[in-house]
Amino acid sequence: MFDHIAFPTPYQTLDLPAPVQLTVKRLDQIHPHISGNKFFKLKYNLLAAQQQGCSKILTFGGAFSNHIAATAYAAQRFGFQSIGIIRGDELASQVLNPTLQTAHDFGMQLHFVSRAEYRLRHEAAYLQQLQQQYPQAFIVPEGGTNALALQGSQEILSAHDRENHDVICCAVGTGGTIAGLIESSSDRQHVLGFSALKGDFLQQDIQQWTDKKNWSLTDAYCSGGYAKTSPALLQFMQQFEQQYAIPLEQVYTAKMMMGLFDLIQQQHFPENTRILAIHTGGLQGKLKTY
Ligand SMILES: *Cc1c(COP(=O)(O)O)cnc(C)c1O
């Protein structure tokens with residue numbers, strides 16, 4: 001089913017003026033539409049949907065959800081219909097942003113719901129109602145995070161990554177990807193998450209998926225919250241891209257990289273630490289301001 005995905009994943013080691021080694025694992029390059037972590041999160045969900053004979057994939061997301069765009073593409077590619085329950089009924093009367101337009105172009109039916117209704121997205125009764133409304137649908141939660149996504153995310157790190165790096169960094173949204181990285185990391189490695197949103201609740205969300213303790217999370221670089229940016233973030237993103245020729249986007253990967261560069265500059269890591277930063281993709285949602 002996934003033969004067209006590019007493996008092995010390219011790596012890029014950055015030339016830094018600091019005594020640490022930083023390598024980027026370019027999951028953004030595995031596929032133009034199911035890029036980055038979303039491929040790993042969707043993989044076993046799509047296989048399960050196929051095995052269960054479902055003809056539709058139904059999932060949830062906000063207006064900037066890379067998961068929505070990736071699911072729309074993957075569903076179409078593998079012969080499913082797709083339905084996106086989108087947060088914010090005011091969006092129904094607006095021009096679609098690039099993420100939602102991409103999803104629409106790949107055939108996803110977009111259902112805009114009020115914030116109050118969207119809040120029910122984890123409630124059993126609401127899910128049952130959706131299941132009755134769409135009897136053939138395989139329901140994938142917001143951001144794609146469930147046990148099957150965890151299984152896929154555990155395939156991001158290779159044996160080589162486990163042996164040759166001391167710190168693994170990634171951007172965090174719902175926490176599914178980092179939980180898979182933690183579960184598949186070696187115990188002598190530390191997994192460091194850079195949250196794209198504010199708040200302590202993510203700590204517990206991640207703990208639901210793993211008992212391991214070799215990880216930490218910071219929201220110090222989230223620029224005020226999910227999908228929020230700052231002039232400093234956009235400036236960092238532009239400078240980084242020019243210097244290293246690696247595209248970032250403002251919702252996740254630029255926040256991670258800005259945080260990581262700040263920690264390196266503060267000498268947070270001991271000398272010769274071998275850092276692996278996971279580029280989780282998401283470039284379809286990139287702001288094009290320059
Ligand atoms: C969705 C996404 C994330 C967050 O993944 P979670 O598993 O929800 O934490 C990180 N980076 C990019 C580029 C994403 O699209």
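We count ligands from 1, going down the list as the structure has it; atoms in each ligand are counted the same way.
- Using modelled atom types and a 3.5 Å distance limit, the side chains of His67 and Thr59 yield a donor-acceptor pair.
- Protein residues having at least one heavy atom under 4.0 Å from any atom of ligand 1 are Asn37, Lys38, Lys41, Asn66, Ala171, Val172, Gly173, Thr174, Gly175, Gly176, Thr177, Glu249, Tyr252, Thr280, Gly281, Gly282, listed by chain and number.
- Between Arg115 and Glu90 there is a salt bridge, since at least one side-chain N of the basic residue sits less than 4.0 Å from a carboxylate O of the acidic one.
- A 4.5 Å side-chain heavy-atom check between Asp262 and Phe236 finds every atom pair outside the cut-off.
- Taking the side chain as every heavy atom from C-beta outward, Phe261 and Met258 never approach each other to under 4.5 Å.
- Among residues two or more places apart in sequence or in another chain, the side-chain hydrogen bond (donor to acceptor under 3.5 Å, both in side chains) test is passed with Ser93 by none.
- With respect to Glu142 and Arg87, no salt bridge is recorded, no charged nitrogen being found less than 4.0 Å from a carboxylate O.
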